[in-house]
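Every heavy atom of this structure was used, including side-chain atoms; hydrogens, water molecules and symmetry mates were not.
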Amino acid sequence: MMAEVRRFEGDFDYIIVGAGTAGCVLANRLTEDPKTRVLLLEAGDSDNYHWVHIPVGYLFCIGNPRTDWMMKTAPEPGLNGRSLVYPRGKVLGGCTSINGMIYMRGQAADYDHWRQLGNTGWGWDDVLPYFLKSEDHHAGSNAFHSQGGNWKVSKQRLKWDILEAVQRGAREFGIEPRADFNDGNNEGSGFFEVNQNNGVRWNTAKGFLRPAMKRPNLRVLTNATTDKVIFEGKCAVGVSFRWQGTEYEARAGSEVLLTAGAINSPKLLELSGVGQPDRLQSLGIELVHESKGVGENLQDHLQIRTAYKVKNAKTLNTYANSLIGKAQMGLEYALSRSGPLSMAPSQFGMFTKSDPSMETPDLEYHVQPLSTNRLGEPLHPFPAITVSVCNLRPESVGSSHATSSNPEPQPEIKLNYLSTERDREIAVKSVQQARQIMTANALKKYEPEEFLPGPAIQNHEDLVREVGNIATTIFHPVGTCKMGHDENAVVAPDLKVHGLEGLRVVDASIMPKIVSGNTASPVVMIAEKAADMIRRKTA
């Protein structure tokens with residue numbers, strides 16, 4: 001620790017820890033009141049990095065210490081002992097600066113289930129107004145969309161014939177085209193809408209933080225690493241953080257708001273003395289408050305990346321492995337902000353059921369006109385597509401915990417993927433369903449040839465093993481500071497930490513159950529609703 005601790009200048013009502021997806025939203029909404037003074041701390045750097053803004057740049061932001069925390073999971077038994085790279089945004093905008101840009105809310109039933117678990121005020125009818133509050137939708141306003149908000153939603157600016165053929169092929173097996181994935185029922189197929197503006201990534205730093213930084217009542221520090229929350233008794237009164245080689249303490253007159261994400265928020269609670277007593281004692285951390293659920297209930301979407309060589313089709317592999325193709329991509333983007341450089345990693349999606357008896361879809365497909373062994377590695381030297389599929393409601397639950405009283409080491413992340421028989425069964429059904437779709441008449445001209453997991457892998461046991469070899473995270477960790485009233489709930493429905501004063505958690509960690517889709521925009525919604533609760537506009 002540094003010898004001298006200085007009091008950070010300024011009086012603040014709120015200190016927000018983490019200028020990621022949620023933190024940028026909160027900073028904007030809370031400083032709308034000119035009397036409210038806010039300090040926003042971000043451990044990462046500014047988002048003024050070109051690969052953040054060019055959509056295909058996610059390939060160069062993930063696994064890059066400039067923008068990524070560079071985390072890894074513990075070895076996963078369900079993945080045959082593999083440890084996964086686990087990207088988390090370390091930059092203004094957080095994961096919205098490095099993610100796949102897909103605008104997705106999930107299903108109405110997800111939020112109604114949260115309410116059924118005792119989280120009053122979090123049903124679909126309760127949260128839809130907050131999705132609408134943020135939104136600036138390309139198609140205008142209706143019952144499910146709005147214009148004029150900070151969160152831009154656009155159509156993608158390119159097309160691939162092979163993906164349109166996959167959509168026609170899926171229809172042969174009963175997966176019908178769907179005009180809107182975000183009206184509460186996402187069953188069907190369609191092309192994802194994205195958080196972009198004229199072919200450029202739109203993150204929460206642009207949408208929410210930049211306008212707020214013009215206000216005199218907001219102070220933003222980048223490269224400021226928060227070490228712990230400061231308590232007086234059971235009340236959070238400030239934070240300890242490091243910035244420009246000096247350790248500071250800053251005080252919050254009203255509340256400390258943790259928006260560091262599903263991995264770093266529970267870590268920060270534990271470093272601050274909030275968590276499981278035995279665990280904290282083993283790390284030499286003095287207990288401030290017992291909270292059994294801190295770091296538990298970790299849920300994520302595991303994607304199974306089936307892949308097919310194709311003929312008579314252009315894919316990103318075709319362009320990326322040719323100097324002429326690279327030149328064409330660069331020119332098209334420079335002239336019109338379109339083409340492959342404007343693409344989200346997944347353009348086409350499908351939501352369907354692993355079993356027709358299910359009430360709502362439990363599978364999500366991300367179909368990509370590319371293939372690679374791992375994101376960030378070179379694309380394969382042959383035309384191919386990836387037909388990724390994930391179980392939207394996994395039963396497997398893991399944990400994420402601090403490993404030291406020193407803030408520097410990364411937490412231990414255990415997902416326990418495929419640890420239940422049901423999850424393994426759905427994984428096998430997913431591969432079988434993807435294979436069936438790829439036999440469609442609409443795809444015959446492309447002669448799809450499976451190479452992952454490979455056509456020789458057929459029986460249940462072999463498929464489970466090979467899924468363990470090829471599956472990877474789709475970057476949707478949630479749940480580690482879950483909302484609720486049971487003994488493992490960390491926060492109440494108002495997002496205040498149970499048993500403490502002056503402290504809330506506002507990020508994906510508060511989700512009691514993972515949503516049935518991509519998670520960035522639900523976190524924007526959570527922050528919008530939290531801002532209203534903090535400002536006492538709602539109960």
Side-chain angles (χ1 to χ4, degrees), residues 55 96 99-114 123-160 163-164 166-171 173-199 202 207 301 342-353 358-368 388-390 392-393 437 474 476 514-526 528-529:
T96 65
N99 70 359
M101 296 162 281
I102 292 173
Y103 180 71
M104 188 65 59
R105 298 172 179 172
Q107 299 168 5
D110 299 332
Y111 303 99
D112 289 342
H113 183 49
W114 290 8
W124 173 250
D125 291 341
D126 303 306
V127 303
L128 180 59
Y130 291 104
F131 282 114
L132 295 175
K133 180 178 181 179
S134 292
E135 195 177 43
D136 187 12
H137 195 269
H138 65 89
S141 300
N142 57 39
F144 294 103
H145 294 288
S146 62
Q147 284 188 310
N150 304 69
W151 198 223
K152 291 189 179 294
V153 181
S154 302
K155 281 187 172 182
Q156 297 186 68
R157 299 163 69 89
L158 74 167
K159 59 178 287 185
W160 300 88
L163 298 186
E164 294 182 354
V166 174
Q167 183 174 42
R168 292 193 300 271
R171 192 170 194 177
F173 297 100
I175 303 175
E176 294 293 330
R178 184 172 196 88
D180 188 358
F181 281 140
N182 290 299
D183 60 4
N185 175 9
N186 53 21
E187 186 166 10
S189 74
F191 290 85
F192 292 122
E193 295 175 321
V194 290
N195 296 119
Q196 292 183 7
N197 184 37
N198 296 322
W202 192 255
H301 290 143
S342 73
M343 65 182 271
S346 299
Q347 286 81 58
F348 175 68
M350 299 182 288
F351 291 85
T352 187
K353 301 171 182 176
M358 304 199 71
E359 289 188 15
T360 59
D362 65 330
L363 298 180
E364 178 180 8
Y365 285 82
H366 293 79
V367 187
Q368 304 154 335
S388 293
V389 57
C390 67
L392 289 170
R393 290 187 284 278
I437 291 169
I474 204 165
H476 297 165
I514 195 166
V515 293
S516 300
N518 309 70
T519 51
S521 291
V523 173
V524 172
M525 175 277 293
I526 288 167
E528 287 279 25
K529 182 169 169 59

Is any side-chain heavy atom of [Y] closer than 4.5 Å to one of [X]?
{"X": "Arg393", "Y": "Thr360", "answer": "yes"}
{"X": "Met343", "Y": "Val194", "answer": "no"}
{"X": "Glu176", "Y": "Arg171", "answer": "yes"}
{"X": "Ser516", "Y": "Glu364", "answer": "no"}
{"X": "Trp151", "Y": "Asn195", "answer": "yes"}
{"X": "Val153", "Y": "Asp136", "answer": "no"}
{"X": "Asn185", "Y": "Gln107", "answer": "no"}
{"X": "Ile175", "Y": "Ile437", "answer": "yes"}

Does this structure show an ion pair linking Asp183 with Arg178, if we count only N-O contacts that are shorter than 4.0 Å?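 Yes.
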
Short N-O contact, Glu193 and Lys155, less than 4.0 angstrom: no

Side chain to side chain contact (heavy atoms under 4.5 Å, CB included) evaluation trace for Trp124 with Arg105: CA-CA 10 Å; Trp124 173 250; Arg105 298 172 179 172; 4.2 Å; yes

Distance in Å, [X] [atom1] paired with [Y] [atom2], rounded so as to fall on 0.5 Å steps:
{"X": "Phe191", "Y": "Glu164", "atom1": "CZ", "atom2": "CD", "answer": "5.0 Å"}
{"X": "Phe351", "Y": "Asn186", "atom1": "CZ", "atom2": "CG", "answer": "4.5 Å"}
{"X": "Lys133", "Y": "Leu128", "atom1": "NZ", "atom2": "CG", "answer": "14.0 Å"}
{"X": "Asp125", "Y": "Asp112", "atom1": "CG", "atom2": "CG", "answer": "7.0 Å"}

His366 ring center within less than 6.0 Å of Phe192 ring center: yes

Closest non-hydrogen atom pair between [X] and [Y], with its separation:
{"X": "Met358", "Y": "Lys353", "value": "O-NZ, 2.9 Å"}
{"X": "Gly188", "Y": "Phe181", "value": "O-CE2, 3.7 Å"}
{"X": "Glu528", "Y": "Ser134", "value": "OE2-OG, 2.6 Å"}
{"X": "Ser141", "Y": "Ser146", "value": "OG-CA, 3.5 Å"}
{"X": "Leu132", "Y": "Ala143", "value": "CD1-O, 4.1 Å"}
{"X": "Ala344", "Y": "Gly100", "value": "CB-O, 3.2 Å"}

Under a plain distance cut-off of 3.5 Å, with no hydrogens placed, do Ser189 and Gln167 share a side-chain donor-acceptor pair?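 Present: a donor and an acceptor within the cut-off.
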
Under the side chain to side chain contact (heavy atoms under 4.5 Å, CB included) criterion, do Ser346 and Ile102 qualify, and how do the steps go? CA-CA 8 Å; Ser346 299; Ile102 292 173; 4.1 Å; yes

Under the criterion side chain to side chain contact (heavy atoms under 4.5 Å, CB included), I'd like the reasoning laid out for His137 against Asn142: C-alpha separation, chi angles, the key distance, then a yes or no. CA-CA 10 Å; His137 195 269; Asn142 57 39; over 6 Å; no

Applying side chain to side chain contact (heavy atoms under 4.5 Å, CB included), run through Leu392 and His301 and close with a yes or a no. CA-CA 6 Å; Leu392 289 170; His301 290 143; 4.1 Å; yes

Fit a plane to each ring of Tyr111 and Phe131, take the angle between them on a 0 to 90° scale, and name the class: parallel (under 30°), tilted (30 to 60°) or perpendicular (over 60°).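 Tyr111 and Phe131: perpendicular rings.
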
Please verify the inter-ring angle class for Tyr103 with His145; under 30° counts as parallel, over 60° as perpendicular, anything in between as tilted. tilted

Is it the case that the side chain of Gln156 and the backbone of Gln347 share a donor-acceptor pair, with hydrogens and angles ignored and the cut-off at 3.5 Å? yes

Donor-acceptor pair, Glu187 side chain versus Pro361 backbone, under 3.5 Å? no

